[in-house]
Amino acid sequence: MAVKNWSLPTRYLHFGMVITISIQLFISLIMVAPDHNGGVVGKLAFEIHEIVGLMALTIILTHWVWLMFGH
């Protein structure tokens, strides 16, 4: 079976998805909702989770646009 060579932008987009989604999963283990009494670390983790989630969404949408128009 031959290995398909992926373009560099496709590799970067996949790498971005791996990193952001992995961070999302790890942060979800310590975060708490802002209205709960979970301390500063839990609330900060929630904010980071939210920001990284928006980054993941941006990467995924960019990937979809790249699939439709990029190559």
Please say yes or no: joined through hydrophobic side-chain contacts below 4.5 Å, possibly via intermediate residues, are [X] and [Y] part of one cluster?
X   : Y   : answer
W66 : I60 : yes
Y12 : I21 : no
L57 : V52 : no
I48 : L54 : no

Spatial distance of atom [atom1] ([X]) from atom [atom2] ([Y]) [nearest 0.5 Å]:
X   : Y   : atom1 : atom2 : value
E50 : Q24 : CD    : CD    : 10.0 Å
L25 : H49 : CG    : NE2   : 8.5 Å
R11 : L8  : CZ    : CG    : 7.0 Å

Minimum heavy-atom distance between A56 and T20, given as atom pair plus value: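 So the two residues come closest at CB-OG1, 3.4 Å.
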
List in chain and number order the residues that pass side-chain contact (heavy atoms from CB on, under 4.5 Å) with [X], two or more places apart in sequence or in another chain; answer none if no residue qualifies.
X   : answer
T58 : T62
A45 : I27, I30, M31
I19 : F15, I23

